[in-house]
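I have placed the structure first, in the form of structure tokens, so that the comments after it can refer back to it.
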Amino acid sequence: MSHDVRNRLSGIRRALHRHPEPGWRELQTTERVVEEIERIGVDELAIGRDALASDHRMAVPDDEELDAWLDRAREAGVREDVLERTAEGHTGCVAVLECGEGPTVGLRVDLDGVSMTESDEPGHVPADEGFRSEHEGYMHACGHDAHPTIALGVLEAVKHGDFSGTFKAFFQPAEEISGGGKPLVEGGYVDDVDYLLAMHVGLGNPTGTIVSGVRKPLAMAHLTATFEGASAHAGTAPNAGANAMQAVATAIQNAYAIPRHADGMTRVNLGRIEGGTASNVIAEEITIDGEVRGETTALMEYTRTELERVLYAAAEMHDCDVTLRVISESPRIDSDPELRDLIGAVARGVKSVDTVVPEREFGGSEDVTYLMERVQANGGLAAYLLVGTDHPTDHHTPTFDVDERSLDIGVEVIAEAVSEIARRRP
């Protein structure tokens with residue numbers, strides 16, 4: 001008997017919206033997804049540690065931060081069996097349906113929220129209708145509440161449809177911090193996938209629009225650099241110190257002077273600085289956080305190498321030491337034209353779709369590219385599609401919201417695409 005997720009898409013999405021959790025802390029989110037999957041009924045469900053390769057996780061918070069979110073989840077009544085498998089930064093899950101002979105098709109969606117405070121102003125639908133974030137300082141400002149909702153609808157539709165083959169739904173943690181794609185790949189569930197679909201809502205595309213494939217997601221790396229000098233009294237003995245603040249200032253100035261590259265677009269940004277003790281003390285320790293991006297993986301690596309050179313040189317100039325760490329990274333991978341075209345053909349046959357855009361440049365970064373890269377390396381095809389949704393303000397703003405009509409559109413297009421892949425498979 002059908003669990004009938006598709007009649008409850010709005011309710012599921014709103015429940016997820018109320019409890020946004022940042023990367024590697026999606027404990028309540030994972031439980032809600034797991035419970036829906038269990039009600040649907042699948043042949044295999046790998047949760048947390050069973051789905052991920054722990055050693056490949058990136059951007060994992062410290063134990064104190066993880067424990068605080070674990071305590072919050074336990075107080076909220078999250079099941080102990082789920083907490084046991086997801087604790088210490090092991091969130092997310094993989095669901096598997098065995099539907100006879102045929103290809104293995106995967107769908108990947110993300111789970112994590114954004115670190116920002118959601119608006120409570122009149123006119124913001126989640127506030128007006130009672131499903132605003134209950135986790136102050138965090139919200140679903142990028143549609144990661146809609147994504148797992150759509151995936152659950154697709155999972156149910158595939159189970160009760162005419163698909164023949166194996167279907168895998170990947171519910172990935174930590175996309176916003178680019179930390180979850182690599183360990184999900186290394187967990188092994190991607191290795192036999194012949195066709196992989198990934199999706200995102202909105203991104204400037206209105207309800208009724210399907211972009212059947214994106215290209216040019218930027219390769220990216222997040223870095224942190226800690227400069228260590230020696231403190232001294234700024235008035236009586238400034239010469240006795242080694243000024244980490246000066247080293248950082250030199251580093252920031254020269255980071256933005258890294259030459260652009262003739263082969264394509266590059267980006268560098270230093271977005272956060274923390275350190276020092278007082279206005280009359282030579283700063284002993286300063287940490288900066290930054291990122292580099294490139295139109296290709298090679299261009300990202302060029303920019304990262306140049307940034308590292310700048311950071312080391314700045315430290316040496318001011319008699320400081322510097323420790324660099326790459327927090328997370330992701331490669332550039334494009335949608336395969338053959339799969340992109342299949343998605344477009346399916347979307348044109350869906351009544352609620354009024355516009356199909358064959359291809360669009362992504363412009364941002366996404367660690368689903370790790371999954372896409374593995375599938376393509378194994379001879380399979382991968383595509384990243386966009387499900388249009390009206391959103392009153394841009395992604396990552398306090399008043400971001402989605403048009404819930406897009407939930408059913410996403411389910412219908414993706415579920416039909418999964419079935420069509422199996423029909424066309426030689």
Side-chain angles (χ1 to χ4, degrees), residues 105-110 142-144 147 150 170 172 175-176 178 181-182 184-185 190 193-206 208-221 260-267 291-304 328-348 353 355-389 394-396 406 410 413-414 417-418 420-421 424:
V105 182
L107 170 64
R108 177 274 198 179
V109 292
D110 38 24
C142 201
H144 297 194
H147 300 168
I150 290 171
F170 298 91
Q172 182 201 307
E175 186 279 328
E176 291 287 354
S178 302
K182 178 70 169 176
L184 193 58
V185 165
V190 180
V193 172
D194 301 302
Y195 300 87
L196 178 74
L197 304 177
M199 55 83 61
H200 206 294
V201 296
L203 298 177
N205 301 286
T209 297
I210 295 291
V211 179
S212 54
V214 300
R215 62 183 298 272
K216 204 180 286 187
L218 303 181
M220 175 281 307
R260 305 305 91 181
H261 202 289
D263 290 347
M265 183 266 289
T266 59
R267 296 281 189 270
E291 67 168 27
V292 295
R293 301 180 194 245
E295 189 173 332
T296 66
T297 304
L299 285 167
M300 179 274 287
E301 290 172 346
Y302 153 78
T303 312
R304 183 175 65 193
S328 60
E329 57 185 335
S330 60
R332 148 90 183 265
I333 298 293
D334 292 330
S335 297
D336 286 295
E338 180 182 338
L339 188 52
R340 178 198 68 201
D341 292 347
L342 181 149
I343 294 166
V346 167
R348 290 184 187 94
V353 174
T355 303
V356 176
V357 179
E359 183 179 72
R360 182 161 291 170
E361 290 188 3
F362 191 61
S365 303
E366 239 277 25
D367 69 344
V368 71
T369 52
Y370 277 113
L371 283 75
M372 297 171 70
E373 182 179 56
R374 178 62 60 86
V375 170
Q376 291 174 347
N378 289 340
L381 300 179
Y384 191 108
L385 68 141
L386 305 180
V387 177
T389 191
D394 203 359
H395 295 252
H396 290 220
S406 63
V413 170
I414 296 171
V418 171
E420 185 64 18
I421 288 168
R424 294 191 185 186

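What you see is a predicted model; the values in this text were computed from it and never measured.
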When every non-hydrogen atom of L196 is compared with those of L107, the smallest separation belongs to CD1-N, 4.3 Å
Please check if the side chain of E359 supplies one atom and the backbone of P337 the other of a donor-acceptor pair under 3.5 Å. no
Indicate the atoms forming the closest heavy-atom contact of S212 with G344, along with that distance. CB-N, 3.5 Å
Please identify each residue that fulfils side-chain hydrogen bond (donor to acceptor under 3.5 Å, both in side chains) with D194, with sequence neighbours left out. none
When rounded to the nearest 0.5 angstrom, what is the spacing between CG in D336 and CG in D341? 10.5 Å
Minimum-distance pair of heavy atoms, taken over all atoms of A219 and T296: CB-O, 3.7 Å
Within the side chain of Y195, is there an N or O that forms a donor-acceptor pair under 3.5 Å with the backbone of V418? no
Nearest 0.5 angstrom please: E295 CD to T266 OG1, how far? 9.5 Å
pair M265-L218: side-chain heavy atoms closer than 4.5 Å: yes
Do C142 and V201 touch side chain to side chain, with heavy atoms closer than 4.5 Å? no
Gap separating the CZ atom of R340 from the CG atom of L197, nearest 0.5 angstrom: 14.0 Å
Residues which pass side-chain hydrogen bond (donor to acceptor under 3.5 Å, both in side chains) with E301, listed by chain and number, not counting sequence neighbours: none
So, taking the atom named CD1 in I333 and the one named CG in L371, what distance separates them when rounded to the nearest 0.5 Å? 11.0 Å
Are side-chain heavy atoms of I150 and I414 found at a separation under 4.5 Å? yes
Return the minimal non-hydrogen interatomic distance between S330 and M300, and the atom names on each side. O-CE, 4.3 Å
Can a salt bridge be assigned to the pair E366 and R108 using a cut-off of 4.0 Å between side-chain N and carboxylate O? yes
To the nearest 0.5 Å, tell me how far E373 CD sits from R332 CZ. 12.5 Å
Non-neighbouring partners of H395 that pass ring pair (Phe, Tyr, Trp, His ring centres under 6.0 Å), sequence neighbours left out: H200, H391, F400
side-chain hydrogen bond (donor to acceptor under 3.5 Å, both in side chains) involving T369 - partner list, sequence neighbours excluded: none
Distance check, rounded to the nearest 0.5 Å: H144 atom NE2 versus D110 atom CG? 3.5 Å
Side-chain heavy-atom pair V387, I210 within 4.5 angstrom cut-off: yes
Side chain to side chain contact (heavy atoms under 4.5 Å, CB included) partners of A383, counting only residues at least two apart: S335, L339, I343
Less than 4.5 Å apart, any side-chain heavy atom of V190 and any of F170? yes
Of all heavy-atom pairs linking Q172 and L184, the shortest is CB-CD2, 3.8 Å
Under the side-chain hydrogen bond (donor to acceptor under 3.5 Å, both in side chains) test, residues paired with E361 that sit two or more places apart: R215, K216
Could you tell me if the side chain of R267 sits less than 4.5 Å from the side chain of T303, heavy atoms only? no
So, the side chain of N378 versus the backbone of V375: is there a donor-acceptor pair under 3.5 Å, distance only? no
Under 4.5 Å between any side-chain heavy atoms of L203 and F362, yes or no? yes
If you define the side chain from C-beta out and look only at heavy atoms, does anything of V353 sit under 4.5 Å from R348? no
Scanning both residues in full, the closest heavy-atom pair of S328 with M220 reads O-SD, 4.2 Å
